[in-house]
Amino acid sequence: MEKIIIESEQGNTVALAKNKTNTRNLYIESYGCQMNFSDSEIVASILAKEGFNTTQHLEEADLVLVNTCSIREKAELTVRKRLEKFNAVKKQNPHMKVGVLGCMAERLKSKFLEEEKIVDMVVGPDAYKDLPNLIQEIDEGRNAVNVILSKDETYGDVAPVRLNSNGITAFVSITRGCDNMCTFCVVPFTRGRERSRDPQSIISEINDLWKQGFKEITLLGQNVDSYLWYGGGLKKDFASATAMEQATAINFSKLLEMTALAQPKMRIRFSTSNPQDMTLDVIETMAKFRNICNYIHLPVQSGSNRILKAMNRLHTREEYFELIDAIRKIIPDCAISQDMITGFPTETEEDHQDTLSLMEYVKYDFGFMFAYSERPGTLAARKLEDDIPAATKKRRLTEIINLQQQHALYRTQQHLGKVEEVLIEGVSKKSDKDWMGRNSQNTVVVFPKENYAVGDFVNVKITDCTSATLLGKAEGYSENN
Ligand code: SAH
Ligand code: F3S
């Protein structure tokens, strides 16, 4: 395969895999979580072997794939709107085929074909290796569906084609599926049971990325702290593994250590941590290795014990505080971020106040906040009435967003005057005279370019901030460079 260097929108050079002998064009669009973006890179890799090059121009596509999200109703509506656009393009380009991938494909299955006439193919998250067969079906004029969920598929043997990459940061998936069954969440239904990927394949992917010039990776999973490798299979079957398999099993803190040691100059991040599965040894491993970033995305969803229980989040507010205290003690400058849901069924004003007071305690660096959206098939949808009026959900959401904004500013102000290591990712959106990168805590840092380059690790003195961005001036290369 030949590598062609193209200019990305940010002006950085990125390598796209183009094979001269490939004759068809794939246009792939992703919605939702990072895992979907990572999955699309797996799909592009599988299809590269089937004669497809990726294109960024919808009009020249032979095959359009949309990797969909079901997490909230709005995410699904966005995809449906997008399908209307594809319909318009298909009128000009009748041979164009359209496939839906991901969570909506899994949730709606063949119903999708009836509901959206434009769709030729429906493929669930565990069925991407079947794409060559499915594409043959649609080439022959038939619709194709594969939504079978797997107990062992991790795509560990597929080398992803990096799409829309800045050439510096990349995602590496380590688990698939989720066994947690939070009552509001559709993911366990659309992505199936939890599986961990072979650590050797994770390490070799990271080594390859380093060779290609990547400087930072994010280990991805719905619930990374639950990672457990004992030779393959579902986590729930661990008890029936042999004594040898159990004794040599690799958990998340061990995997973190292995990745940190494999590439000591590679920055390592991970997402997402569920508080109920995060253990002290993970925090201690983070503290032990300077290349593991000081940032934990630790969704809590609600500050009310009653609501946490109704959500089937298996920890209390008090246990969450204990975890926060442990993180602050072991890694004093660790950034912490949240996901929150407002207006879960039966949520009272008092429950909402508990959320606000929990936020006051933690003072999160960042946050991702949502109004509850009932998802068909979930336990909450089956057992609880979606009884909080939209206006109340929205008002509570605005209140927590405003509070988060204050806390974000409080946190960015703590960086003022410090000198921090920043990995340059690209040109600042606001000015082409400035670089944009991130510090260990994942906060965006903007500073004048001088003679530095994308991919450099630079020590930056922080001189100013907004609630979302740090501004500063470079003082030289960091020791990691
Ligand atoms: N473990 C996952 C979380 C998946 S969903 C991860 O890796 O990110 C991301 C967030 O979406 C959740 O933390 C939750 O805050 C939100 N979310 C999930 N289901 C939702 C629903 N039904 N309504 C509103 N928000 C939801
Ligand atoms: Fe969803 Fe809870 Fe898993 S939010 S992805 S069921 S940890």
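For reference, positions follow the sequence shown, starting with 1. Keep in mind the model is a prediction, meaning the values are calculated, not measured. When a ligand or atom number is given, it counts from 1 through the structure's own listing order.
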Practice prompt. List nothing but the number: protein N/O/S atoms under 2.8 Å from atom 2 (Fe) of ligand 2.
Written response: 1
Examine [X] together with [Y] and report whether their ring centres are nearer than 6.0 Å.
X: His407; Y: Tyr364; result: no
X: Phe321; Y: Tyr361; result: yes
X: His297; Y: Phe368; result: yes

Worksheet item: Which atoms of ligand 2 sit under 4.0 Å from any heavy atom of Phe184?
Response: 4 (S)
Worksheet item: Just by distance, do the side chain of Arg191 and the backbone of Cys103 share a donor-acceptor pair under 3.5 Å?
Response: no
Discussion item. Strictly distance-based, threshold 3.5 Å: is any side-chain N or O of Ser38 a donor or acceptor partner for the main-chain N or O of Gln34?
Written reply: no
Item to complete: Before accepting this row, confirm whether a basic side-chain N of the pair Lys288/Glu257 lies closer than 4.0 Å to the acidic partner's carboxylate O.
Response: yes
Worksheet item: In terms of side-chain geometry, is the basic nitrogen of Lys393 or Asp386 positioned less than 4.0 Å from the acidic oxygen of its partner?
Response: yes
Worksheet item: Listing by chain and number, which residues have a heavy atom under 4.0 Å from ligand 1?
Response: Ile71, Arg72, Phe184, Gly221, Gln222, Thr272, Gln301, Asp339, Ile341, Phe370, Ala371, Tyr372, Ser373, Arg375
Worksheet entry | Ser70-Thr190 side chain donor-acceptor pair, cut-off 3.5 Å | no
Practice prompt. Using the ring pair (Phe, Tyr, Trp, His ring centres under 6.0 Å) rule, take Phe270 and Phe252 through it: C-alpha gap first, then chi angles, then the decisive distance, then the call.
Written response: CA-CA 10 Å; Phe270 55 89; Phe252 183 58; 5.2 Å; yes
Worksheet item: Any cation-pi pair here, Arg197 with Tyr155, using under 6.0 Å and within 45°?
Response: no
